[in-house]
Amino acid sequence: MRISASTAVASGTIVALAVVPPITNALQEPFYLGLFLRLMILAIAAISLNLILGFGNMVSFGHAAYMGIGAYVVGIGTFHAIEDGIDWLANGFLHVPLAIAASSLAALVIGAISIRTRGVYFIMITLAFGQMLYFIGVGLEVYGADDGLSLYMRSEFGGVLDINDNTQFYYLVLALLLATLYGVKRLIASRFGLVIRGARSNERRLAAVGIPVYRYKLVAFMVAGAICGVAGVLLANRTDFVSPDMMHWTRSGDLIIMVVLGGMGTLFGPLYGAAAFLLVEEFLSGITEHWQIVFGPLLILVVIYARGGIAGVVHALERRRE
Amino acid sequence: MSEPILQLRDLTKRFGGLVATDSVTLDVAEGEVHAVIGPNGAGKTTLVGQISGEIRPDRGQIFFAGQPITRSPVHVRSLLGIARSFQITSVFPGFTVTANVALAVQAHAGHSFRFWTDATRDGTLLAPAAQYLELVGLTGRAGDVAATLSHGEHRQLELAMALATEPKLLLLDEPTAGVGGDESARMVELLRSFKGRFTILLIEHDMDAVFALADRITVLDSGRILASGAPGEIRADPAVRQAYLGDAEA
Ligand SMILES: Nc1ncnc2c1ncn2[C@@H]1O[C@H](COP(=O)(O)OP(=O)(O)O)[C@@H](O)[C@H]1O
Ligand SMILES: [Mg+2]
C-alpha cells in the first residue's frame, strides 16, 4: 500500500511531537519542551478557528478572546484558591467545563450579532467584541488589570495527573490535540459539517434547499469558541500567567496567520501553521529583535505563491508524484 | 375544482423608481406547467424571487397550498415544498455532484445537528441522491467535483437538487439559458417527462420549448401581466403578438 504525502507528513508530525519530551529531557533542554507545549496549545486554538474560518468562511478577528476567557477561568480560580483558601476553585475538572461554558456563551452572544453580517462587517464586529473583552480584562483591578495575574499554582487534576510535571502536562496536551483533530475530522464529514462547508461556498443555495443557515453557523461559532476556551485553560497553565494581552487583537491576528499559513479548510493545516509560526518566530527572533520585518514579507509570499498554505503545498507535491 | 397550489395576489415590488413587479395576480393549478414569458427585464426572475422568499414584496400576498407565506423565510418555503433552480447556476462548486444532491436530500431529512456520523457515506442520503441524478441523466458524473461540470450539466444538477427536496412546486428560472442546442433539447425532453408529475412554474425564453411544455402561459411586460391563458389563446392574443411574439418572429 502506498502512503500519500499528506498522510506521511501528518503522521510524521505527530510522531515528532510524541518524541519531544524524551529528547528534551535527555538533552536537559526544558525550554524546548515548553516551546513545543505552547506550539500544541496554539495549534488547538488555530484548529478551532479553522473550523469557522477555513470550513465556514467566517473570518473571526476576535478569536483570542475565547482563549483569554479560558485562561482567566484558571487565573481567577487559582487566585481565590490561594488568597481565600477555597481549594476546589483550583480544580482542573472544574476549570475545563467552566471555560467551555463561559467561552461558548461569549461566542453565542458575539456570533448572534456578527453572523447577521458579511465580509468586512463581520471582521469588524468580531474584532470589536474581542477588544471589548480585552478592555474588560484591563479593567479587572483585583486580578492585576493590564499587568495580569501570576499563577501561584496550576490546575489540579486530583490523583489522575500532575501537570506541574511538564512531561505529564505535555502528554495531556498532545492527547487533547489529537482528540481535537479527530473530533474536527468527524465533525466536518458529518451532516453538520456539510452544512457549514456548504455555507462557505453558497449560503443562498443552502437556504433554497431548505436549511436555516444562521443557526448552524451560530452553533459552529460556539463549538469553535468552546475549543479555544480549553486552549486558554492550557495556555494559562503553560505560562503560569494570565493577562489581557492574551485577548489583544494582535493575538487574534496571530491565530489567523497560523490558519492561513498552514492551509485554511484542511484538517492538519492549523497545526502546521502554528508550528511554522512558532519555529520561525523562535529562529528569527534569535537573529534579530525586529523579526517581524522578515516574517511579514514571508507571509505575503506564502499568500501569493502558496494559497493553500503548507497543507496545500504538501497536497500539490502528492499530486505531482501521481 | 381544487384550490390553486400557488396564489399571487396584487404582488408589487419596486427597485427605487422601477416597478419590477406590478400588481401581479396569478394562480398556478396543481399539476400544471405554467410558463411565464416576457422580454428581458420584464420581471420574471424578480417574481420567482418573491415566490421562493429571497425578495420581499412591497405589497400583496402569496399563498401556497392555502397558507399565507408572504413573510416566510426561504428555508421555510423550501420545507413547505417550493423548490427553485437559479437562472445563474448556483451549486456547491467544491462538492462532488453526489454531495450537492445529498445535501438537498439532507435538508429535508430532519435537522442537521448531527456531529459525528459520516454523512458522505450515509446510504439514506446517497441512495435518493443517486436516484435524482439518474432522473436528470447525470449518473455518469456522480463522483466528479461540481466545478468541473459543463454548463448544461450544471443546469441538470440544479434540477436534481431542486427535485431532491421533493417539491410540490418547481420554480425553474430559464433552465435552458446559455445551454447549447443538443443539451437544450435534452433538457426540454426531460421537462416534458415531468409533465403531470410535478407542478412547474417555468420561466423560459425559447418559445418552441414554451409551447411544447406549457399548459398555461402568462406574459409579463414591465412587471405587469399582459395576458394569461392557454397556449392557443396566447398565440392569438393581438397585444401579445405586438409586444412580444411579434419581435420573436421578426
Ligand atoms: N436587486 C435589484 N436591484 C435593482 N434593480 C433590479 C434588481 N433586480 C432586478 N432589477 C431590475 O428589475 C427589472 C426586472 O429584472 P428581472 O426580474 O431580472 O427580469 P427578467 O428576469 O424578466 O429578465 C430589471 O429592470 C432589473 O434591472
Ligand atoms: Mg431573469
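Side-chain atoms are counted along with the backbone in the values below, which use heavy atoms only and exclude waters and symmetry mates. It should be emphasised that the depicted structure is a prediction, and the values quoted were computed from it without experimental measurement. In the text below, chain A, chain B and the rest are named by the order of the sequence lines, each starting its count at 1.
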Q: Could you tell me which of A/Val213, A/Asn202, A/Val195, A/Leu206 has the largest number of non-hydrogen atom pairs under 4.5 Å with chain B?
A: A/Asn202
Q. Is chain B contacted by the side chain of A/Arg215, its backbone, both, or neither, given a heavy-atom distance below 4.5 Å?
A. both
Q: Write out, in numerical order, the residues from residues 56-70 of chain B with a heavy atom short of 4.5 Å from a heavy atom in chain A.
A: none
(Q) Taking CD1 in B/Ile88 as the centre, count heavy atoms belonging to other residues, nucleotides or ligands within less than 6.0 Å. Is the count above 12? (A) no
Q | Shortest non-hydrogen separation from A/Val209 to B/Ala104 and the atoms involved | A | CG1-CB, 3.8 Å
**Q.** B/Ala109 portion near chain A, given a 4.5 angstrom heavy-atom threshold
**A.** both
Q | Leading residue by heavy atom contact count with chain A [cutoff under 4.5 Å; candidates B/Ser112, B/Ala83, B/Ala162] | A | B/Ser112
**Q.** Whether B/Arg114 side chain and A/Arg191 backbone form a donor-acceptor pair below 3.5 Å
**A.** no
**Q.** Residues of residues 116-151 of chain B near chain A, each having a heavy atom less than 4.5 Å away
**A.** B/Trp116, B/Thr117, B/Asp118, B/Ala119, B/Thr120, B/Asp122, B/Thr124, B/Leu125
Q. So which part of B/Glu54 gets closer than 4.5 Å to some heavy atom of chain A, the side chain, the backbone, both or neither?
A. side chain
Q | Residues in side-chain contact (heavy atoms from CB on, under 4.5 Å) contact with A/Ala99, at least two apart in sequence or another chain | A | A/Val73, A/Val233
**Q.** Non-hydrogen atoms of B/Gln106 and A/Leu194 that approach each other most closely
**A.** OE1-CD1, 3.7 Å
Q | Heavy-atom pair with the smallest gap, counting every atom of A/Gly198 and B/Phe95 | A | N-CZ, 3.6 Å
(Q) Applying salt bridge (charged side-chain N to carboxylate O under 4.0 Å, His left out) as the test, list every pair that has at least one member in residues 105-119 of chain A; sequence neighbours left out. (A) A/Arg118-A/Glu203
Q | Residue pair B/Ser78 / A/Ala207: nearest heavy atoms and the distance that separates them | A | CB-O, 4.2 Å
**Q.** Heavy-atom neighbours of B/Phe15 CZ exceed 12 at 6.0 Å
**A.** yes
Q | Heavy-atom closest pair, residues B/His75 and A/Gly210 | A | CB-C, 3.6 Å
(Q) For the CE atom on A/Met264, are there more than 12 heavy atoms of other groups (residues, nucleotides or ligands in this structure) within a distance under 6.0 Å? (A) no
**Q.** Approximate separation, where rounding is to 0.5 Å, of A/Arg197 CZ and B/Phe92 CZ
**A.** 11.5 Å
(Q) Quick check on B/Glu30: does its CD atom have over 12 non-hydrogen neighbours (other residues, nucleotides or ligands) under 6.0 Å away? (A) no
Q. Checking heavy atoms, do the side chain of B/Val91, its backbone, both or neither come under 4.5 Å from chain A?
A. backbone
